[in-house]
J.: 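Mind having a look at this structure? Questions to follow.
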Amino acid sequence: DFDIVALGEPLVELNQTQKGQLQYLQGFGGDTSNAVIAAARQGARCAYLTRVGNDTFGAQFLDLWRSEGVDTAGVQTDNDAHTGLYFVQHGPDGHAFSYLRRGSAASLMSPALLDSGLIERARFLHLSGISMAISTSACDTVFAAIARARAAGTQVSLDSNLRLRLWPVDRARATLREAMREADLFLPSMDDMQHLTGNDDPERTLDWIRDGGAAGVVVLKLGKDGSIIDDGQARTPVAALRVEAVDATGAGDCFAGSLLARRCQGDSWEDAVRYANAAAALSTLGYGAVDPLPRAEQVRERLKSVAG
Ligand code: KDG
């Protein structure tokens with residue numbers, strides 16, 4: 001059985017390591033894949049559900065998940081579609097993504113992907129806004145996954161991960177709202193919510209989420225200002241850990257995966273968020289979404305040095 005099963009689109013990553021130069025380091029990305037690898041590095045038993053191309057990149061992903069201990073029984077291979085790809089460029093305002101993903105194998109996923117029965121065997125199902133945005137059939141797959149999780153008593157975790165290049169804001173708002181009502185854990189970022197609600201006040205944002213019908217635990221991510229846990233009873237701020245970030249790609253995914261992993265290991269919400277903050281901070285110290293994801297020993301060291 002599994003602690004966490006995630007569903008979404010993996011993308012090969014080409015990351016510009018020197019500003020202004022045309023040299024790119026190949027790595028791996030895709031928000032929910034990053035999250036599940038982060039969780040596995042914290043000791044969680046994980047599986048991933050997706051569709052990759054029958055190409056070199058698809059094969060590299062299968063090797064990656066296997067080497068990270070992520071179960072691949074729920075990964076389908078598509079003979080006619082490619083594995084998606086994105087570039088990361090670094091500028092004064094942080095990183096920017098350019099995608100080559102339209103028509104990708106993952107965007108062709110359909111609810112039949114869920115027949116492997118993995119969701120029913122997991123404690124958490126982890127999903128994201130990107131998985132709902134890439135295509136209609138992927139969106140249907142996400143809602144079918146939610147229905148399966150609910151029927152089986154698997155808890156649903158949802159990261160907002162809003163990508164306005166993938167869908168219009170009105171559809172994103174309506175769809176994310178519908179999904180957040182079904183989530184036992186909703187992980188929105190303040191940036192994403194600002195696009196959806198038009199306001200930049202964390203308290204009012206949490207009110208909007210609750211008024212919209214979210215009944216589970218909400219962890220609102222405020223970037224440098226940490227996060228706020230709203231468990232339905234109280235709102236608890238948790239400070240962020242400051243680091244000199246080299247590349248923030250995948251930091252939110254590391255937060256999600258580490259948080260879920262620590263919940264599965266019995267942490268309170270506050271302890272799990274503190275741990276996830278430290279893990280996410282460490283994940284920004286190197287280039288790429290996956291390579292710098294820390295392991296449990298590194299996170300514990302970091303937490304000790306902060307406490308001491
Ligand atoms: O959170 C990092 C991801 O955004 C990155 O790995 C690429 O999944 C990705 C996407 O669709 O933006």
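In each ligand, atom 1 is the first atom listed, and ligand 1 is the first ligand listed. Just so it is clear, the model here is predicted, and its values are computed rather than measured.
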J.: To check your reading of the model: name the closest protein heavy atom to atom 1 (O) of ligand 1, its residue, and the distance in Å.
T.: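 For atom 1 (O) of ligand 1, the nearest protein heavy atom comes out as Asp253 OD2, 2.7 Å.
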
J.: Enumerate the atoms of ligand 1 whose separation from the nearest heavy atom of Phe97 is less than 4.0 angstrom.
T.: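 Ligand 1 atoms under the 4.0 Å threshold to Phe97: 4 (O).
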
J.: Any heavy atom of Gly250 closer to ligand 1 than 4.0 angstrom?
T.: yes

J.: Taking Asp63 for the side chain and Arg66 for the main chain, is one N or O donor matched with an acceptor at less than 3.5 Å?
T.: no

J.: Closer than 4.0 Å to some heavy atom of Gly29 - which atoms of ligand 1 meet that?
T.: 6 (O)

J.: Provide, to 0.1 Å, the distance between atom 8 (O) of ligand 1 and the closest protein heavy atom, together with that atom's residue and name.
T.: Asp31 N, 2.9 Å

J.: Can any side-chain N or O of Arg101 pair as donor or acceptor with the backbone N or O of Ile134 at less than 3.5 Å?
T.: no

J.: Give the single entry among Arg163, Glu9, Arg101, His95 that approaches atom 11 (O) of ligand 1 most closely by any heavy atom.
T.: Arg101

J.: Below 4.0 angstrom from a heavy atom of Asn34, which ligand 1 atoms are there? Numbered from 1 as shown, please.
T.: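 Matching atoms, with element in brackets: 2 (C), 6 (O).
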
J.: Just by distance, do the side chain of Thr154 and the backbone of Ala122 share a donor-acceptor pair under 3.5 Å?
T.: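 Checking the backbone N and O of Ala122 against the side chain of Thr154, a donor-acceptor pair under 3.5 Å is found.
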
J.: Just distances here: any N/O of Glu13 and N/O of ligand 1 closer than 3.5 Å?
T.: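 No: no nitrogen or oxygen of Glu13 is under 3.5 Å from one in ligand 1.
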
J.: Is it the case that the side chain of Gln42 and the backbone of Ala38 share a donor-acceptor pair, with hydrogens and angles ignored and the cut-off at 3.5 Å?
T.: yes

J.: Identify the residue among Thr50, Leu114, Thr32 that makes a side-chain contact (heavy atoms from CB on, under 4.5 Å) with Leu7.
T.: Leu114

J.: With heavy-atom distances below 4.0 Å as the criterion, list the atoms of ligand 1 near Ile130.
T.: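 Those atoms are 8 (O), 10 (C), 11 (O), 12 (O).
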
J.: Is the side chain of Gln16 donor-acceptor paired with the backbone N or O of Gln21 at a distance under 3.5 Å, no angle test?
T.: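 Such a contact is found between Gln16 side chain and Gln21 backbone.
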
J.: Hey, is Arg235 close enough to Asp207 for a salt bridge, meaning N to O under 4.0 Å?
T.: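 Salt bridge flag = yes for Asp207 with Arg235.
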
J.: Backbone N or O of Ala245 within a donor-acceptor pair of the Thr284 side chain at under 3.5 Å?
T.: no

J.: Against heavy atoms of Tyr86, which atoms of ligand 1 measure under 4.0 Å?
T.: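 In order of numbering, the contacting atoms are 5 (C), 6 (O), 7 (C).
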
J.: Of all residues at least two apart in sequence or in a different chain, which pass the salt bridge (charged side-chain N to carboxylate O under 4.0 Å, His left out) check with Arg173?
T.: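 Arg173 satisfies salt bridge (charged side-chain N to carboxylate O under 4.0 Å, His left out) with Asp170 once adjacent residues are dropped.
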
J.: How far is atom 9 (C) of ligand 1 from the closest protein heavy atom, and which atom is that?
T.: Leu11 CD1, 3.7 Å

J.: Tell me whether Gly30 has any N or O atom under 3.5 angstrom from an N or O of ligand 1.
T.: yes

J.: Is the closest N or O pair between Tyr99 and ligand 1 shorter than 3.5 Å?
T.: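 Min N/O separation from ligand 1 is below 3.5 Å for Tyr99.
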
